Amino acid sequence: GLPLSTLGATPLELTFMSMGRSFTVQKILNFMGSNIIAKMRAAHLIKKSSALVCFSAQTINPAHTSLVSVGRRAMRAWLLLNSSGYGVQPLTLATLPLYAMQQNHLPEDFDKAQAQKISSIKKTLDARFNISPKFSPVWLLRTGSIAHLPAAPRAPRLNLEEVYSVELK
């Protein structure tokens, strides 16, 4: 993924975000009120968006082919939006656990309170995007027009020659 510095957060927010990578620390930070700040920040970002795009996959699909197909469509939409001058931010942290929950693939030790939140998120997304009960939201993209991408989101890549070579015989 992209570095935390690409999120446009303040240095203090970035410090708390990096500390929150540990589930135990996240619970402590939430108890101290960081979840309220996160909700306010998310609401602010969503209000600034030109659009929210939701992709859903068929829930009853043991081979997960629906999930793969939807993922491909979401990536194509992302690339198309970017090539048309729109910025795109995936918000999958709110959606992918929904699919896992409906497939009974959540870890056994998954927090019960989080599972209840996931259920309420599904109800909200189903209502807002008119999603059939046979489908589950799996990709949520926030998009909007941008003048230019800041330099920070560009992830450094190795040159092709450094990672790949062909020997002709």
Side-chain angles (χ1 to χ4, degrees), residues 1-4 6-9 13 16-31 34-146 153 155:
L2 294 173
L4 285 176
T6 64
L7 298 177
E13 290 172 324
F16 281 107
M17 284 182 204
S18 63
M19 290 170 47
R21 290 180 177 159
S22 158
F23 188 66
T24 305
V25 173
Q26 184 64 54
K27 287 177 95 169
I28 294 167
L29 291 173
N30 286 350
F31 180 76
S34 72
N35 58 343
I36 295 168
I37 295 168
K39 286 178 187 178
M40 289 171 39
R41 181 156 184 74
H44 173 73
L45 291 173
I46 288 172
K47 284 180 185 174
K48 287 177 51 178
S49 304
S50 297
L52 289 176
V53 182
C54 186
F55 293 87
S56 59
Q58 209 171 13
T59 305
I60 303 170
N61 189 342
H64 305 291
T65 53
S66 176
L67 181 64
V68 172
S69 175
V70 169
R72 287 180 179 147
R73 285 190 180 99
M75 291 304 295
R76 286 185 187 117
W78 185 340
L79 291 171
L80 180 64
L81 285 164
N82 272 156
S83 69
S84 300
Y86 291 90
V88 176
Q89 178 186 14
L91 304 171
T92 54
L93 191 57
T95 53
L96 282 176
L98 299 173
Y99 184 82
M101 187 166 82
Q102 291 191 309
Q103 299 293 319
N104 293 319
H105 288 304
L106 286 178
E108 290 180 20
D109 61 345
F110 195 80
D111 187 59
K112 301 240 185 285
Q114 291 292 65
Q116 288 176 339
K117 285 181 186 176
I118 289 171
S119 294
S120 77
I121 290 170
K122 176 161 177 30
K123 289 176 187 172
T124 301
L125 291 174
D126 285 353
R128 298 280 170 105
F129 289 98
N130 197 23
I131 298 171
S132 162
K134 295 180 182 179
F135 286 78
S136 177
V138 291
W139 276 80
L140 187 62
L141 303 177
R142 173 179 97 84
T143 187
S145 60
I146 54 173

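These numbers come from a predicted model, not from an experiment.
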Student: Closest approach of Pro133 and Thr59, non-hydrogen atoms and distance?
Tutor: O-OG1, 4.3 Å
Student: If you look at every heavy atom in Thr143 and Gly87, which pair is closest and at what distance?
Tutor: OG1-O, 2.8 Å
Student: Within this structure, what is the CZ-OG distance for the pair Arg142 and Ser50, rounded to the nearest 0.5 Å?
Tutor: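 Nearest 0.5 Å value for the CZ-OG distance: 9.0 Å.
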Student: Check whether more than 12 heavy atoms from other residues, nucleotides or ligands sit under 6.0 Å from atom CZ of Phe129, and answer yes or no.
Tutor: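 Count over threshold, so yes.
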Student: Indicate yes or no: at least one non-hydrogen side-chain atom of Trp78 is less than 4.5 angstrom from one of Pro90.
Tutor: yes
Student: Minimum heavy-atom separation for Gly71 and Trp139, please, with both atom names.
Tutor: CA-NE1, 3.7 Å
Student: Throw together a table of side-chain donor-acceptor distances under 3.5 angstrom for residues 110-125, partners on residues two or more places apart or in other chains.
Tutor:
{"residue": "Asp111", "atom": "OD2", "partner": "Gln114", "partner atom": "N", "Å": "3.2"}
{"residue": "Ser119", "atom": "OG", "partner": "Ala115", "partner atom": "O", "Å": "3.3"}
{"residue": "Ser120", "atom": "OG", "partner": "Lys117", "partner atom": "O", "Å": "2.9"}
{"residue": "Lys122", "atom": "NZ", "partner": "Asp126", "partner atom": "OD1", "Å": "3.1"}
{"residue": "Lys122", "atom": "NZ", "partner": "Asp126", "partner atom": "OD2", "Å": "2.6"}
{"residue": "Lys122", "atom": "NZ", "partner": "Phe135", "partner atom": "O", "Å": "3.3"}
{"residue": "Thr124", "atom": "OG1", "partner": "Ser120", "partner atom": "O", "Å": "3.1"}

Student: As an exercise, state the distance from CG of Leu141 to CE of Met75, rounded to the nearest 0.5 Å.
Tutor: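 Spacing of CG (Leu141) from CE (Met75) equals 9.0 Å.
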Student: State, with a plain yes or no, whether a side-chain heavy atom of Leu91 is found less than 4.5 Å away from one of Leu52.
Tutor: yes
Student: Distance check, rounded to the nearest 0.5 Å: Ser56 atom OG versus Asn130 atom CG?
Tutor: 10.0 Å
Student: How many angstroms lie between atom CG of Leu81 and atom CZ of Arg76, to the nearest 0.5 angstrom?
Tutor: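 Leu81 CG to Arg76 CZ: 14.0 Å, rounded to 0.5 Å.
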Student: Run through Gln102, Gln58, Met101, Gln103 and flag the one making a side chain to side chain contact (heavy atoms under 4.5 Å, CB included) with Ser136.
Tutor: Gln102
Student: Do Val88 and Asn82 have side-chain heavy atoms sitting under 4.5 Å apart?
Tutor: yes
